[in-house]
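I have placed the structure first, in the form of structure tokens, so that the comments after it can refer back to it.
The structure presented is a predicted model; accordingly, all values stated were derived computationally and were not measured. In what follows, chains carry the letters A, B, and so on, assigned in the order in which the sequence lines appear, proteins first and then strands, with residues in each chain numbered from 1.
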Amino acid sequence: MTKRYWLMKSEPDVYSIDDLKKDQTTWWEGVRNYQARNFMMQDMQIGDEVLFYHSNATPPGIAGLGQISALAAPDQQQFQKKSEYYDPKATPQKPIWFCTQVRFVKKWKSLISLELIKADKKLAKMVVVQKGSRLSIQPVSAEDFHYITQLAEAVGKK
DNA sequence: GCCAACGTTGGC
DNA sequence: GCCAACGTTGGC
């Protein structure tokens with residue numbers, strides 16, 4: 001299985017890259033979109049690399065890197081009545097929502113902002129810059145991933 | 001806070 | 001199975 005690359009969005013007010021740095025690993029709970037869930041359930045492999053994206057932030061953009069550290073397992077939040085992610089249709093025997101575990105790799109010295117991604121013609125195919133794209137977990141091509149990490153390293157050295 | 005774009009729900 | 005209504009996402 002060849003390594004894959006992903007972009008995973010999180011609102012930093014809820015869970016930021018600093019939180020991941022502190023925790024080192026986290027289960028990516030709270031995804032309630034089937035397309036995003038299916039990427040985690042069906043496509044993610046241990047070792048896949050992740051662009052950690054800050055959404056609803058000022059400015060929005062990619063804050064650093066993570067890596068998939070465990071395959072998808074039932075999202076425990078769906079069973080907890082007090083959770084905002086509670087799903088009354090789910091049972092432990094028949095879970096509906098699954099999530100992978102993400103490990104902290106690196107926080108970049110400066111954010112690769114959405115503005116910068118949009119301005120770079122080489123990155124025009126990225127899902128995150130497509131109009132109306134709200135998907136919180138997106139596949140990223142190996143080419144785009146490597147280009148962005150190089151960009152981040154270069155910017156960090158300035 | 002606004003609102004365009006998108007996903008989901010539920011009546012028919 | 002259609003589609004209007006509603007809720008959510010997320011940039012601005």
What's the closest nucleotide to the side chain of A:N56 if the choices are C:dG10, C:dC12, B:dG7? C:dG10
A:Q138 CD - B:dG7 C1' separation (whole Å): 15 Å
Got A:P74 and A:W97 here, is their nearest side-chain heavy-atom distance under 4.5 Å? no
When you measure from the side-chain N and O atoms of A:K118 to the phosphate of C:dC12, is any distance below 4.0 Å, counting only OP1 and OP2? yes
What nucleotide among C:dG10, C:dC12, B:dA5 has an atom nearest to a side-chain atom of A:S55? C:dG10
Measure from the side-chain heavy atoms of A:P60 and tell me the nearest of B:dT9, C:dG11, C:dG10. C:dG11
For the residue pair A:Y15 and A:W27, is the inter-centroid distance of their aromatic rings smaller than 6.0 Å? no
Quickly work out the A:R32 CZ to C:dG10 P distance and round it to whole Å. 15 Å
A:D13 has an atom CG; how far is it from atom C1' of C:dG10, in whole Å? 13 Å
Nearest-Å distance, CZ (A:R134) to C1' (B:dG7)? 6 Å
In whole angstroms, the gap separating P of C:dG11 from CE of A:M126 amounts to 13 Å
Whole angstroms only, please: what is the CD1-P distance between A:I96 and B:dT9? 10 Å
Can a side chain N or O of A:Y85 be found less than 4.0 Å away from OP1 or OP2 on C:dT8? no
Count the heavy atoms belonging to other residues, nucleotides or ligands that lie under 6.0 Å from CD of A:Q130, then report whether that count exceeds 12. yes
Find the distance A:K131:NZ to C:dC12:P and express it as a whole number of Å. 12 Å
Need to verify one output field. Residue with the more 5' nearest nucleotide on DNA chain B, A:G132 or A:K89? A:G132
Measure the acute angle between the ring planes of A:Y5 and A:H146, then classify it against the limits of 30° and 60° as parallel, tilted or perpendicular. perpendicular
Side-chain touch A:R134/A:N33, heavy atoms, less than 4.5 angstrom: no
Can you tell me how far C1' of C:dG11 sits from CG of A:L135, to the nearest Å? 16 Å
Proximity to the side chain of A:Y34 - top-ranked nucleotide from C:dC12, C:dG10, B:dT8: B:dT8
